[in-house]
Each structure stands twice: as structure tokens, then as C-alpha cells.
Protein chains: 2
Amino acid sequence: MGESSLTSDWLARRADLAPCPNCHLRSLCLISAIEPQHLKAVSGHIKVLKPLRRGDVIYRAGAPTRKLFIVHAGAAKTSLNWHGGHEIICDYHLPGDTLGLDGLHTGLHTTTSVALETTHLCELNRESLGQLASGHPVLRERLCQDISRALARSQRHQLEISAKTAEQRLACFLLDLSTRLHARGYSPSAFRLPLGRHEIAKHLGMRTETLSRLLAGLRKKGFLSLEGREVRLLQQDRLRGLAGN
Amino acid sequence: MGESSLTSDWLARRADLAPCPNCHLRSLCLISAIEPQHLKAVSGHIKVLKPLRRGDVIYRAGAPTRKLFIVHAGAAKTSLNWHGGHEIICDYHLPGDTLGLDGLHTGLHTTTSVALETTHLCELNRESLGQLASGHPVLRERLCQDISRALARSQRHQLEISAKTAEQRLACFLLDLSTRLHARGYSPSAFRLPLGRHEIAKHLGMRTETLSRLLAGLRKKGFLSLEGREVRLLQQDRLRGLAGN
DNA sequence: CGCAAACTTGACTGAGCTCAATACCGGTGG
DNA sequence: CCACCGGTATTGAGCTCAGTCAAGTTTGCG
């Protein structure tokens with residue numbers, strides 16, 4: 001049985017699609033920087049998109065950045081690829097995360113973003129963002145914070161990829177996922193992986209085969225149990241020791 | 001003989017330390033987003049620091065982010081380290097680059113920044129930044145752009161580290177440096193490395209020994225000549241082919 | 001039910017790491 | 001001016017972690 005997927009869970013909680021004032025995401029979302037009494041006015045700028053299915057492209061590298069997106073429910077990945085062949089997954093995104101921030105400097109997206117499962121997005125175009133930012137200093141502060149957070153995450157990931165062993169990287173990934181799910185109200189020790197094996201491997205800079213072996217290894221050592229995408233972390237403390245933070 | 005170092009060159013060009021209105025950096029610098037007629041008023045917020053020497057710490061991971069810094073002349077590195085032992089160099093910074101952007105989200109620096117040679121910085125505290133941003137929409141747009149650019153650089157670096165061979169990473173590094181120096185008015189094909197071998201290696205996620213061997217290899221293949229830190233790119237096109245962008 | 005995609009497991013290989021020795025270079029003091 | 005010294009760079013030899021290639025196996029979807 002296990003937990004149901006992110007999507008169905010979030011869907012169950014959403015009484016309706018009414019935008020920000022009733023949104024359950026609260027402080028996780030960029031928009032929460034706007035004072036409650038102004039939220040209703042702001043809602044006009046936020047468009048709630050109809051659900052995307054796994055594999056749907058949110059934006060493509062090279063396309064103009066006209067909008068930002070916020071994950072309302074579901075999950076997405078952001079990837080970079082290299083003359084057709086190679087692809088890496090820069091990051092994965094959970095509810096509350098803002099998508100498209102890397103396109104602000106040139107006005108063109110540098111990455112491609114794709115839904116990982118059935119996903120609901122909120123859309124905010126750049127002009128609206130500019131207008132809102134003028135009136136709400138807290139919002140523009142928060143926007144900088146969100147880009148800055150993405151930067152810090154990316155740098156931490158750099159460290160992991162370039163200085164840790166494959167097993168340590170996997171441990172870091174599992175712990176990061178656990179923490180982020182926890183922050184969103186889920187169990188930190190039993191969850192469903194939002195990415196497939198191949199995708200996790202591409203995120204961690206290793207081959208699918210290596211990842212598979214490592215997962216088998218961690219299972220044998222009793223750090224976790226897993227069937228398919230359902231994971232249960234059995235010894236988070238030891239996993240943390242392995243990851244070495 | 002070769003080119004003199006970044007520092008002495010920039011120093012030679014600087015007639016005096018008069019801040020922004022006469023600054024030679026122009027559009028490379030964040031502050032250039034402010035309209036020329038307002039620059040004089042703004043200058044009060046910008047403090048020009050006395051020169052740092054190689055190894056001087058600009059800020060340390062964990063310390064509160066009260067200021068941003070802009071490299072006026074010289075160079076700096078930004079690094080992340082991992083329980084004392086391991087260190088990686090996330091990025092290196094040339095004149096015009098803004099330092100401290102990764103600390104905006106928590107208000108604490110996540111990285112440590114250190115001068116690579118004699119370096120002049122301009123300092124801008126966060127309150128000033130906030131004030132300026134209120135009055136100058138273009139400036140706040142530019143701030144977002146600069147953070148966004150740092151993010152995109154970091155992601156590209158992720159790709160390089162996790163999907164390219166050591167030799168390709170080295171080629172990418174040399175080309176990136178060449179491009180950035182060119183943008184600052186230097187020769188793209190003959191320059192002095194701002195980082196030592198050990199530092200370059202830590203930036204590229206490899207060992208010093210490996211880097212040394214690769215440099216020797218590229219020299220033998222006729223891609224470049226080098227003595228000490230002075231590099232001359234002899235076949236940029238082939239280097240580009242190797243790097244594969 | 002059947003097929004393709006996703007995942008696992010095994011055996012072998014090789015790029016890059018480790019350990020170790022040597023060479024070089026810039027600065028300091030006699 | 002030279003001799004010395006410590007940090008920096010190069011080169012060599014052997015080893016190892018993770019990649020590659022190749023079968024299987026399981027899963028999920030039409």
C-alpha cells in the first residue's frame with residue numbers, strides 16, 4: 001500500500017482550485033510573501049493551469065522566459081542537455097518550488113523542465129511579477145531569496161557530485177528528498193520516489209546500473225527497504241553518517 | 001614577459017578610486033543598471049575597500065550576509081567545504097562579478113570567498129541595496145539577473161562535472177576563462193591563470209596530478225603552450241571541439 | 001495476455017585516484 | 001650573489017571505483 005503518490009494526496013486536500021487566498025502551500029510558495037489582505041487583488045495575476053501529465057514539457061531550453069511557474073501539486077524535473085545525447089537532471093521540484101528562475105538573466109530558459117507525474121502549476125507572467133514587485137518590497141526580496149536558494153542548492157550539488165562517492169551521493173539524495181517531503185507534511189521515512197532509477201542516476205552523475213547496485217547494497221545493509229519506487233528509510237541516522245554532512 | 005596579472009593591469013588603468021561615475025567596468029557591474037544621472041547620488045552607498053592580498057578572506061560560510069561585494073579589480077574564488085577536509089571551488093570571479101549572492105536566502109553565507117591575488121572590492125550593504133532597489137526597478141531586475149546568471153553557471157558546471165571527462169572539463173574551463181577575460185578587454189588567447197593547479201583541480205572535480213597530466217597532454221598535442229601560470233591557446237577551435245558545446 | 005520499458009545482476013575494463021619520488025620556482029637571509 | 005627552503009608542479013607505477021557491455025527479470029500499460 002504505502003503512501004499514495006504526491007499528486008493524488010495533494011488533490012485530495014485541495015477543496016477547489018481557488019487560487020492563493022485558500023492555498024494550502026502557505027510559506028512554501030513565493031506568493032506567500034504578499035500580505036494576506038492583498039492576496040485577493042493579486043490572485044488576478046495568477047493563472048492556475050490545467051493538470052499536466054508525466055512527461056509534459058513545462059518549458060524548453062532556449063525558449064523565451066515569459067512566465068514563472070510554481071508547483072502547486074505534483075513534481076517536476078529540470079534538466080540540461082548536451083548536444084542531443086547526454087542529459088543531466090539539475091534538480092527536481094516539489095510543491096511550492098518556483099520554476100524558470102534560471103531564465104531571468106538572458107530572458108531565455110537555459111534548462112528544460114518536465115512534469116514527473118500528474119502536476120498542477122500556477123503561472124505568473126513576468127510583467128505581472130514586475131508590477132507586483134513594485135508594490136510589494138517583501139515579494140521582490142522573496143524572489144531574490146528563491147533564486148538564491150536555487151543557487152545554494154546547485155552549489156551543494158556540485159560539491160556532492162565532485163567530491164563524494166556514488167554511495168554518498170545516493171545517501172545525500174535520499175536525505176534531501178526526505179527533508180523536503182517532511183517540510184511539506186509527509187513522512188520523512190516512507191515515501192515514493194518522484195524519479196525513476198534512470199532519472200535519479202542522471203541527477204547524481206552515475207549510471208543506472210551503479211545506482212541499482214547501490215540501492216541493493218543499502219537494502220542489504222538494512223539502511224532501507226524498497227519495492228519499486230516505494231522507499232522506507234530504516235536507519236536515517238546511519239544514512240546521515242554515510243552521507244557525511 | 002607575458003601579460004601582467006589582472007591586478008596590475010587594472011590598477012594601471014584606474015586613474016583614481018573615484019567610485020561609480022568614472023568606473024571603467026560599465027555594464028559588467030550590477031550598479032551600471034542605475035541611470036547615469038543618478039549615479040552620483042548612488043555613489044554614497046558604495047564603499048571602496050582597501051586592497052586585499054592573496055588569501056584574504058572576503059566572507060566566511062556561516063557568517064551573516066550583511067553586504068554584497070563587487071570585484072573592481074583582481075580576482076576571487078568561492079568555495080564550499082565539507083567537514084574540514086574536502087574543499088571544492090564553486091566558481092571564480094573576475095572584475096564586475098558580484099559576490100555574496102548565495103547568502104540572500106537565509107541571510108547567512110553558504111560559501112566562503114577568498115581573494116586570489118591583490119584585489120579591490122566595492123561594498124554595498126543590504127539596506128542600501130534595498131533602498132536603491134525601491135527607487136530603481138532596473139536595478140532590482142538586474143540583481144535578479146545576476147543571481148540567475150550565477151545559477152545558470154552553476155548548473156552548467158554541474159553538467160560538466162557529472163557528464164564530461166576530465167580532459168573535457170579542463171577544455172571547458174580554459175574556454176570559459178578565455179571568454180570572460182575577452183569580455184573584460186583582455187586577449188582571449190594569452191593570459192595568466194588566476195588559480196593555481198590545485199585550485200583549478202578542485203574547481204573541476206579532479207586531482208592535481210590528473211590536471212597536471214592533462215595540461216601536459218594538451219601541450220603535447222599542440223592545443224596550447226604554457227609556462228607556469230601563463231597560458232597561450234594555440235588552437236581554440238580544436239579545444240572547443242574537445243569541450244563539446 | 002503480450003510487449004516494451006524499466007530495473008537488476010554479473011563479468012570485465014579503464015579513467016582517474018593514490019602513493020611516492022623528483023623537479024621547479026620564488027622568496028629570504030647570509 | 002648564491003644557498004637554502006617551503007610550497008607548487010610534474011611524472012611514474014599500481015590500484016580501485018564506477019563505467020561498459022551483456023543477459024536476465026520484473027513491471028506496467030494497451
Side-chain angles (χ1 to χ4, degrees), chain A residues 2 4-5 7-8 53-55 77 85-89 116-118 160-173 192-220 224-231 242 244, chain B residues 1-2 4-5 8 53-55 77 85-89 116-118 160-173 192-220 224-231 242 244:
Chain A
S4 50
S5 83
T7 306
S8 49
R53 317 215 137 273
R54 169 165 178 85
K77 66 176 174 180
H86 266 81
E87 179 201 27
I88 70 148
I89 293 177
L116 288 169
E117 47 181 276
T118 303
E160 288 166 7
I161 291 174
S162 72
K164 296 192 177 184
T165 65
E167 192 179 42
Q168 289 175 318
R169 275 174 276 167
L170 173 55
C172 290
F173 168 73
R192 186 180 166 80
L193 298 169
L195 304 101
R197 301 288 192 273
H198 191 41
E199 289 168 321
I200 297 175
K202 280 184 299 185
H203 179 51
L204 298 179
M206 64 182 77
R207 299 295 140 177
T208 314
E209 296 92 323
T210 304
L211 176 70
S212 197
R213 278 183 247 276
L214 291 173
L215 280 171
L218 290 181
R219 203 185 43 211
K220 258 173 218 140
L224 51 76
S225 73
L226 89 157
E227 19 178 342
R229 289 196 180 190
E230 300 295 337
V231 182
L242 209 178
Chain B
M1 36 203 58
S4 51
S5 81
S8 50
R53 318 214 138 273
R54 169 166 179 85
K77 65 177 175 180
H86 265 79
E87 179 200 24
I88 70 149
I89 293 177
L116 288 170
E117 46 180 279
T118 303
E160 288 166 7
I161 292 174
S162 72
K164 295 192 177 183
T165 66
E167 190 179 43
Q168 288 174 320
R169 276 174 275 168
L170 173 55
C172 290
F173 168 73
R192 185 181 167 81
L193 297 169
L195 303 101
R197 303 286 193 273
H198 191 43
E199 289 168 321
I200 298 175
K202 281 184 300 185
H203 179 50
L204 299 178
M206 63 182 78
R207 298 295 137 175
T208 315
E209 296 93 321
T210 305
L211 175 69
S212 197
R213 278 183 248 275
L214 292 173
L215 280 171
L218 290 182
R219 202 184 44 211
K220 257 173 219 139
L224 51 78
S225 73
L226 91 156
E227 17 179 347
R229 288 195 179 192
E230 300 295 337
V231 183
L242 209 179

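Values below: all heavy atoms of this structure, side chains included; hydrogens, waters and symmetry mates excluded. Throughout, protein chains are lettered first and strands after them, A, B, ... in sequence-line order, and every chain is numbered starting at 1. Here the structure is a predicted model, which means the values were calculated and not measured.
- Summarising the geometry of Leu224(B) relative to Leu215(B), their closest heavy-atom pair is CD1-O, 4.4 Å, with the distance given to 0.1 Å.
- Put simply, the side chain of Phe173(B) does not reach to within 4.5 Å of the side chain of Leu211(B), judged on heavy atoms.
- Between Arg54(A) and Thr118(A) the shortest side-chain heavy-atom distance does not fall below 4.5 Å.
- Residues Arg169(A) and Met206(A) come closest through the heavy atom pair CB-CE, 4.3 Å.
- dA9(D) atom P lies 14 Å from atom CG of Leu170(B), rounded to whole Å.
- Between His203(A) and Ile88(A) the shortest side-chain heavy-atom distance does not fall below 4.5 Å.
- As rounded to whole Å, 13 Å separates atom P of dC29(D) from atom CD of Glu117(A).
- Using a cutoff of 4.0 Å between basic side-chain nitrogens and carboxylate oxygens, Arg192(A) and Glu230(A) are scored as salt-bridged.
- Heavy-atom minimum distance, Ala201(B) versus Arg207(B): CB-C, 3.7 Å.
- Between Arg192(A) atom CZ and dA6(C) atom P the separation is 14 Å, expressed in whole Å.
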Under 4.0 Å protein heavy-atom contact, by nucleotide of nucleotides 9-23 of chain C - B base, S sugar-phosphate only: BBB----SSBB----
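- In this structure, Arg197(B) places its CZ atom 12 Å from C1' of dC25(C), rounding to the nearest Å.
- If one axis is set at each end of the helix from dC1(C)-dG30(D) to dG30(C)-dC1(D) from five pairs, those axes are 40° apart, to 10°.
- The CG-P distance, from Leu195(A) to dA5(C), rounds to 20 Å in whole Å.
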Anything under 3.5 Å between a donor and an acceptor, one on a side chain of residues 160-167 of chain A, the other on a protein residue two or more places apart or in another chain? List them.
from	atom 1	to	atom 2	distance (Å)
Glu160(A)	OE2	Arg156(A)	NH1	3.4
Ser162(A)	OG	Gln158(A)	O	3.1
Lys164(A)	NZ	Ala243(A)	O	3.1
Lys164(A)	NZ	Asn245(A)	OD1	2.8
Thr165(A)	OG1	Gln168(A)	N	3.2
Thr165(A)	OG1	Gln168(A)	OE1	3.4
Glu167(A)	OE2	Lys221(A)	NZ	2.5

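- When the P atom of dT20(D) is taken as reference, atom NE2 of His198(A) falls 12 Å away, rounded to whole Å.
- In this structure, the CG atom of Leu193(B) is 14 Å from the C1' atom of dT8(D), given to the nearest Å.
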Evaluate the side-chain contact (heavy atoms from CB on, under 4.5 Å) criterion for residues Leu242(A) and Leu218(A): first the C-alpha distance (whole Å), next the side-chain angles of each, then the deciding distance (0.1 Å), finally the verdict. CA-CA 11 Å; Leu242(A) 209 178; Leu218(A) 290 181; 3.9 Å; yes
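- Distance Arg229(B) CZ to dT10(D) C1': 16 Å, rounded to the nearest Å.
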